[in-house]
Amino acid sequence: MPELPEVETVRRGIEPHLVGRRVKAVRARRADLRWPIPVQDLQALRGQTIHAVRRRAKYLLLDSAAGTVILHLGMSGTLRVLPADCPPGPHDHADLVLDDGSCLRLNDPRRFGCLLWQAAGGEHPLLAGLGPEPLGPDFDGAYLFARSRHRRGPVKAFLMDQTVVVGVGNIYAAEALFAAGIDPRRAAGRVGLSRYEALACAVRGILGQAIERGGTTLRDFLAPDGAPGYFEQELNVYGRAGQPCRRCGSTLRSLALAQRSTVFCPRCQH
DNA sequence: CATCGGACCTGTTAGC
DNA sequence: TGCTAACAGGTCCGAT
């Protein structure tokens with residue numbers, strides 16, 4: 001479900017309900033997500049005040065003085081803020097019970113997500129080695145160009161490599177490559193500086209717009225308040241294989257790249 | 001080091 | 001209508 005704009009939308013949705021709240025309890029009904037929920041370690045959260053809700057890459061980070069809760073929504077995770085006594089439904093795996101009678105509830109049918117704990121003073125291995133934020137100051141065309149030298153794999157896989165730049169998933173990679181006019185199959189090392197400048201610009205613009213629209217709702221993505229995302233209406237290639245290119249009218253093509261479906265315009269992208 | 005394939009899961013949709 | 005297969009927004013890990 002979530003790429004960076006969706007995770008950012010979730011962050012903005014839950015932040016006002018969490019910041020300043022004290023955690024009364026951590027409940028896990030089912031601990032076997034991508035990694036087991038460390039229920040014992042998470043007891044360190046009890047009595048702690050959440051002082052910030054951050055996002056790094058596609059991870060959500062809930063900060064307290066004792067440490068940080070690390071959440072990833074995988075492909076199918078959602079978070080909601082509900083009354084703590086609201087009966088749990090299927091796939092409602094864990095709750096953080098708060099001191100105002102509410103709880104933050106994690107639902108994840110596929111269980112590709114995770115809920116982890118990092119004690120204060122350390123950095124979790126999952127967060128080490130991540131590339132720069134695409135909306136931050138360290139990401140631009142020159143950076144992409146430098147990182148891509150001698151890389152033979154397709155530029156789409158390069159763009160989705162979280163050690164290169166974080167937050168760009170299958171939807172927005174396809175959209176950014178279309179906007180920049182780059183063939184997703186082209187070897188990353190054979191894309192020139194000026195085209196990487198266009199690509200970096202496209203990534204920033206598309207992610208920023210998607211955040212403004214509340215993310216992309218394809219199947220079931222909803223913000224924590226239940227609002228759908230409105231970026232779907234602006235997708236130019238993703239999910240449009242066989243349909244006409246909005247720019248030139250050619251039929252959009254689909255193929256698999258790095259085991260992910262990839263749609264592009266054979267006339268606009270080279 | 002870079003790249004590829006497999007693995008982890010369930011729910012929805014497309015096709016027969 | 002009903003069964004089955006393919007596919008889905010992610011990403012780690014081991015093999016090459």
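Residue numbers begin at 1 in each chain, while the letters A, B, ... track the order of the sequences. Worth knowing before you read on, the calculation uses all heavy atoms, side chains too, and leaves out hydrogens, waters and symmetry mates.
- A:Phe178 does not carry A:Arg246 over the face of its six-membered ring by the limits of under 6.0 Å from the centre and within 45° of the normal.
- When the P atom is used for both B:dG5 and C:dC7, the distance is 15 Å, rounded to whole Å.
- For A:Tyr172 and C:dG9, the shortest distance from a side-chain N or O to OP1 or OP2 is not below 4.0 Å.
- A:Tyr143 and A:Arg147 are linked by a side-chain donor-acceptor pair at a separation below 3.5 angstrom, with hydrogens and angles left out of the test.
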Requested in this report: Determine, step by step, whether A:Asp32 and A:Arg30 satisfy the salt bridge (charged side-chain N to carboxylate O under 4.0 Å, His left out) criterion, reporting the C-alpha distance in whole Å, the side-chain angles of both residues, the deciding distance to 0.1 Å, and the verdict.
Outcome: CA-CA 6 Å; A:Asp32 57 332; A:Arg30 177 152 197 179; 2.7 Å; yes
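- Remark: A:Arg111 is in phosphate contact with B:dT10, judged by side-chain N or O atoms under 4.0 Å from OP1 or OP2.
- Whole-Å rounding puts the A:Leu159 CG to C:dG10 C1' distance at 15 Å.
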Report task. State the dot-bracket string of DNA chain C. Criteria: Watson-Crick or G-U wobble, both atom distances under 3.5 angstrom; notation: ( ) intrastrand, [ ] crossing earlier pairs, | interstrand, . unpaired. Result -> .|||||||.|||||||
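- A straight line from CD of A:Gln162 to P of C:dC13 spans 14 Å, rounded to a whole angstrom.
- When each of B:dC4, C:dC12, B:dC9 is scored by its nearest atom to the side-chain atoms of A:Pro154, the top-ranked nucleotide is B:dC4.
- Applying the 4.0 Å criterion to OP1 and OP2 of C:dG10, one finds that A:His72 has every side-chain N and O outside that range.
- At a threshold of 4.0 angstrom between heavy atoms, the contacts of A:Arg260 include nucleobase atoms, whether or not backbone atoms are also involved.
- Rounding to whole angstrom units, CZ of residue A:Arg147 and P of B:dC1 are separated by 12 Å.
- When the shell of 6.0 Å around CZ of A:Arg267 is examined, it contains 12 or fewer heavy atoms from other residues, nucleotides or ligands.
- Using a 4.0 Å cut-off between charged nitrogen and carboxylate oxygen, A:Asp100 and A:Arg22 do not count as a salt-bridge pair.
- Annotation for A:His150: atom NE2 does not count as buried by contact number, only 12 or fewer foreign heavy atoms lying within 6.0 Å.
- Nearest nucleotide to the A:Pro109 side chain, out of B:dG11, C:dG10, B:dT3: B:dG11.
- For A:Phe112 and B:dC8, the ring-to-base geometry satisfies the stacking test (centroid distance below 5.5 Å, interplanar angle below 30°).
- Screening A:Val69, A:Ile70, A:Ile37, A:Val39 for a side-chain contact (heavy atoms from CB on, under 4.5 Å) with A:Trp117, the sole residue that qualifies is A:Val69.
- When heavy atoms are screened at a 4.0 angstrom cut-off, A:His91 is found touching the sugar-phosphate backbone but no base atom.
- Closest approach to the A:Ile171 side chain among C:dG10, C:dG9, B:dG11 is made by C:dG9 (side chain taken as heavy atoms from C-beta onward).
- The listed nucleotides are B:dC9, C:dG10, C:dG9; the one nearest the side chain of A:Ser261 is C:dG9.
- Residue A:Phe158 is classed as having no contact, given no heavy-atom separation below 4.0 Å to the nucleic acid.
- Taking atom CZ of residue A:Arg149 and atom P of nucleotide B:dC1, one finds them 19 Å apart after rounding to whole Å.
- In this structure, the CG atom of A:Leu71 is 17 Å from the P atom of C:dG10, given to the nearest Å.
- The side chain of A:Arg151 sits closest to B:dT3 out of C:dG10, B:dT3, B:dG11.
- Using a 4.0 Å heavy-atom distance criterion, A:Gln259 is classed as a base contact.
- Taking atom CG of residue A:Leu255 and atom P of nucleotide C:dC7, one finds them 13 Å apart after rounding to whole Å.
- Atom CZ in A:Arg34 sits roughly 17 Å away from atom P in B:dG6 (whole-Å rounding).
- Side chain A:Arg152 to base B:dA2: no donor-acceptor pair is found below 3.5 Å.
- If you run side-chain contact (heavy atoms from CB on, under 4.5 Å) between A:His93 and each of A:Arg111, A:Arg27, A:Arg105, A:Arg29, only A:Arg111 comes through.
- Using atom C1' as the reference point in both B:dT3 and C:dG9, the two lie 23 Å apart (nearest Å).
- Atom CE of A:Met75 and atom C1' of C:dG10 are 6 Å apart (whole Å).
- Of the residues A:Arg11, A:His17, A:Arg12, the one that meets the side-chain hydrogen bond (donor to acceptor under 3.5 Å, both in side chains) test with A:Glu15 is A:Arg11.
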